[in-house]
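Quick note: residue numbers are just sequence positions, from 1. Reckoned from all heavy atoms, side chains included, excluding hydrogens, waters and symmetry mates.
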Amino acid sequence: MEPTKQTLLIGGLVVDVYSNTTSSPSSTDPVHALFFLHGRFGSAQETYVVDTIKVIFGESYESGVGGERKKDLIIVAFDHRNHGTRLVDPKRNLAWSEDPAKNNDQHAVDMYTIQTGTAEDVSFLIDHLSSFLYPSSERTIVEWGIGGVSLGGHSTWIALSREPRLTLGIPIIGCPDYTKLISQRAQSSHIHFSPPYFPTSFKAYIEARDPAKLAYRAKDASNPFWGKKVLVLSGKEDKLVPWVASAEFVEGLEVGEGGVKRVVVEEGAGHECTSGMQKEAGLFVRGWLSSAGL
């Protein structure tokens, strides 16, 4: 399905909003809004981002599958900090390398601050998107979700853990445990897990705020994921964001009876957003929109 795209400028952020072409302008159906985030080095205009958005709309609005759809869907895409329209210094998106021209000593801090900055951008857009998209209160956004690929998948975990208005998350080839992910990457790059590569203040922040340091195993409201709907999509052969870095967290994650946890680790898939992952995401969103629910 080819959705329509409307581009808004919200507080200096360029924001693309995709919607279903068959939805009536006079419709009063409640709206579910899904943020969808791109990966490192990319932008909201990447082909895999747009293709995934199309698949999600196609699965969500396909007739004859699942419960009757009772809500409309919009998908919201924007650039991470220091990416796309917000690019300041491309070298700061690089990792550690033995090649001085490709090395970024601040890789650990740079990558995490982009992820947490994106989570803050998502909360900012939840606050203000309706004022720009529906200035005369034409429609009402009743529920918010988030998904993303690679860097966008990492950001999805962080946003889902911090923003209570997000009720659904689809991290694709992302990791919820930054210490495990970056320490493995540091070891393989012969980087010491200590200052200046890992400042003491940075480690303290991660220990206090990273999703893997929160009460994700708790079976009560102290768990920020309690009652949320989470679809985890990863590649079994992923070398950049290996499944082993996420496995302990995902296996221990509690979402409660009101929540949903579905995990798909795709055989043979590497660090990529496959067609199978796109379809899984679309079916999950379809359930979110349906009267039957997930």
State plainly whether the residues [X] and [Y] are in salt-bridge range, i.e. N to O under 4.0 Å.
X	Y	value
E62	R286	no
R217	E254	no
R139	D29	no

Kindly work out whether a path of hydrophobic side-chain contacts (I/L/V/M/F/W/Y, heavy atoms less than 4.5 Å apart) joins [X] to [Y].
X	Y	answer
I74	F124	yes
Y61	I75	yes
V285	V76	no

Paired with F35, the side-chain contact (heavy atoms from CB on, under 4.5 Å) test is passed by just one of D121, T118, I126, I170, namely I126

Could you check whether [Y] and [X], counting side-chain N and O atoms only, form a donor-acceptor pair closer than 3.5 Å?
X	Y	answer
N93	D110	no
Y205	D210	no
S222	D220	yes
E163	W144	no
Y216	D177	no
Q45	D16	yes
Q115	S155	no
T4	T21	no

Looking only at non-hydrogen atoms, find the nearest pair between [X] and [Y] and report the distance.
X	Y	result
S183	K180	OG-O, 3.2 Å
L289	H32	CD2-CB, 3.6 Å
L181	P242	CD1-CD, 4.3 Å

Would you give me the side-chain donor-acceptor pairs under 3.5 Å for residues 263-272, sequence neighbours excluded?
| unit_1 | atom_1 | unit_2 | atom_2 | d |
| --- | --- | --- | --- | --- |
| E266 | OE1 | T274 | OG1 | 2.7 |
| E266 | OE2 | T274 | OG1 | 3.3 |
| E267 | OE2 | K236 | NZ | 3.1 |
| H271 | ND1 | D238 | OD1 | 3.2 |
| H271 | ND1 | D238 | OD2 | 2.7 |
| H271 | NE2 | S150 | OG | 2.8 |
| E272 | OE2 | G270 | N | 2.9 |

Which residues satisfy the ring-ring contact (aromatic ring centres under 6.0 Å, His included) test with F193, sequence neighbours excluded?
F198

Okay, side chain of R262, backbone of L231: is any donor-acceptor separation there less than 3.5 Å?
no

Between F225 and F249, does the ring centroid distance fall short of 6.0 Å?
yes

May I ask you to decide if the ring planes of W96 and H107 are parallel, tilted or perpendicular, using 30° and 60° as cut-offs?
perpendicular

Quick one, E59 and Q278 - any side-chain contact, counting heavy atoms below 4.5 Å?
no

When rounded to the nearest 0.5 angstrom, what is the spacing between OG1 in T156 and CD1 in I172?
8.0 Å

